[in-house]
Amino acid sequence: MAVTNLTEPIFQSETRNSTLILSKFTPENITKKNIGLAAEFSLPENDPVRIFGLPKKMLLEFRILSKPCSVVRGVTVETKELLDNAKERSSLDMRVVLTGRSGCGKSYLLLQAVEYCKQNGWIVLYIPRATNLVNSTTPYVYDLRTQIYSQPTFAYQTLQRMLTVNRPTLDALELQTALVLEKQTVPAGTTLSALINIALKDKSKASCMVILETLLKELSEQTKYPVLVAVDEFQALYNKTMYRDPHFNTIAPYHLSMPRLLMEYASGRRSFAKGAFLGAVNDSDPMYPMPLELRDALQIEYMRPMSPYDKRSAGIAEYTKGLRALSVPEKLTLAEATSLFEIWMKDRALATVNPDTTFLSKYVESGGNPRDFVWKGILSTIEA
Amino acid sequence: MHILGVNLPDSHLARFALTNFYGIGHKTAHRLCARLQVHDKCKVKDLSPFQVTALASFLSSPATSPTLPRYPLATPDYVPPSPNTPAQELQARFAAIRAKRVENRARRGTDPIVYKDTLKDIKVESELRREIRENIAHQRMIGSYVGRRHAMHLPVRGQNTQSNAKTARKLNQMDRY
């Protein structure tokens, strides 16, 4: 039967009002008193989530939920305080990588940080899937001037997205020094949005990488707005890439333009006058595991006994200097877990008679791990 | 798209479409894509005109293709020159670095490093077919067992003939390719 023939009210799920009524995720709602509050992300047209995208697993969850939402946790309040301190300080002091067990909520916390900063008027650059920079899915070409492999299409996309998300702030900022390109000179005083438009008009995308670097350089020198660079799947930038040079040698990540740019901000070689760098590691993809050099820098425990003979790349280790780990708690507290349970319960994901016993049993079975609690606990009640 | 008489479907990934050439398998195709700086997920329709001409000129005669230069890779502290530096100046700087490298090696008395380019040894299409034809003709000329079996349309490599051997009876010929 065709979908249009299903006219009974029970099939009209799209038009039915959602029973999920939640508070909004705003900076005022992130307080110690509100730990355990379920908050909905209001996604305007130029929201980072809509424009930059989401990590894979989070995208799936948001598709299943009737509204994209999350729970305000203790670590959210901690991160908020860190970001408030970072607002007036250089990003050299705030280069943090969110670490923790698989499924403990690092990507969600990063997203909450991005939303918080956007709503507080920061300039935001969010890269939800850093693996796409190194898995040979975007064009690359060697540039003799910079002596690295440029990724013009990704630079073009990043410029387009940054312009859409941060247009009002970029309209207010201007180029301090003239930029001399091959074919034209961009005079000083041009707004940063006009500078980005020059790159977007260029069909060959040849000048995109230069303009992206100039844009970030201008953003790092200005002190009017703090800048947040948030990178999910951060460990992919420190692994071997899938790219090959013309002699079939593997290209190191710091010899590709986009990873190199991000790694320079991560390692403090470049920094924003006001802002922060946040990364979140991800262990869903075995192609890009947590590398030794990052484990050393962030002081994360090794999976097996390590010896000095284990290979470490000096080049990659150069770009891990000064990174700080922020450990996301493995367990949800009872208040947070209750809130999360209620979100799914109100969204009619629960197929049980007695929610209280189900909640306690699933909480104990998953050990408080957020992903296991939702996927192996709550959503598995449908199968049972 | 047609390159050297072979149709490469536009919607296919370039890395796998190249295997449509006789004599190019997955490994050679991967190396060819690396040589042309074609990323893994590039479709044939996304190949730039420069890449297509480079591919066609390479495959028309792999042995006589120009040697690829080894371009330098930036150190962590490298500061690039300004964007309006002309390309000739950059090439001149690179040529100067290369000449200095050669001079240093000559002064030290060490031999220049010879890098093996495996792609130069490949044969494709008509050249490869000619080589196989010549090999079969050579086996016949010297009067070997292999040559006789090709001439008799029978299996060459010691397979059973009491049963099966249908493919050999159909395909094993002197003018096979």
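Computed from a prediction, not measured in an experiment: that's the story for all the values here. First the proteins, then the strands, lettered A, B, ... as listed; each starts at 1.
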Can you establish whether the number of heavy atoms outside [X] located under 6.0 Å from its atom [atom1] is more than 12?
| X | atom1 | result |
| --- | --- | --- |
| B:Y22 | OH | yes |
| B:K27 | NZ | no |
| B:M1 | CE | yes |
| B:N164 | CG | no |

Among [options], residue most engaged with chain A (heavy-atom pairs, under 4.5 Å):
| options | result |
| --- | --- |
| B:C33, B:A34, B:C42 | B:A34 |
| B:Q37, B:K41, B:E89 | B:Q37 |
| B:T118, B:D77, B:D46 | B:D77 |
| B:P80, B:P76, B:S48 | B:P76 |
| B:L119, B:L36, B:D40, B:T75 | B:D40 |

Side chain B:H39, main chain A:M242, donor-acceptor under 3.5 Å:
no
For chain B, which candidate among A:E264, A:M263, A:E182, A:H247 shows the most heavy-atom pairs at distances under 4.5 Å?
A:H247
Heavy-atom pair count under 4.5 Å with chain B, highest-scoring of A:R244, A:H255, A:R269
A:H255
Which bit of A:V210 comes within less than 4.5 Å of chain B, counting heavy atoms only: side chain, backbone, both or neither?
side chain
When rounded to the nearest 0.5 angstrom, what distance separates CG in B:L68 from CZ in A:F248?
13.5 Å
Region of B:V38 in contact with chain A, defined by heavy-atom distances below 4.5 Å:
backbone
Report which part of B:R70 has an atom under 4.5 Å of a heavy atom belonging to chain A: side chain, backbone, both, or neither.
both
Report, in residue-number order, which members of residues 135-162 of chain A are under 4.5 Å from chain B by heavy-atom distance.
A:S136, A:T137, A:T138, A:P139, A:Y140, A:V141, A:Y142, A:L144, A:R145, A:T146, A:Q147, A:I148, A:Y149
Nearest heavy-atom approach of B:N84 to A:V180 is ND2-CG1, 3.3 Å
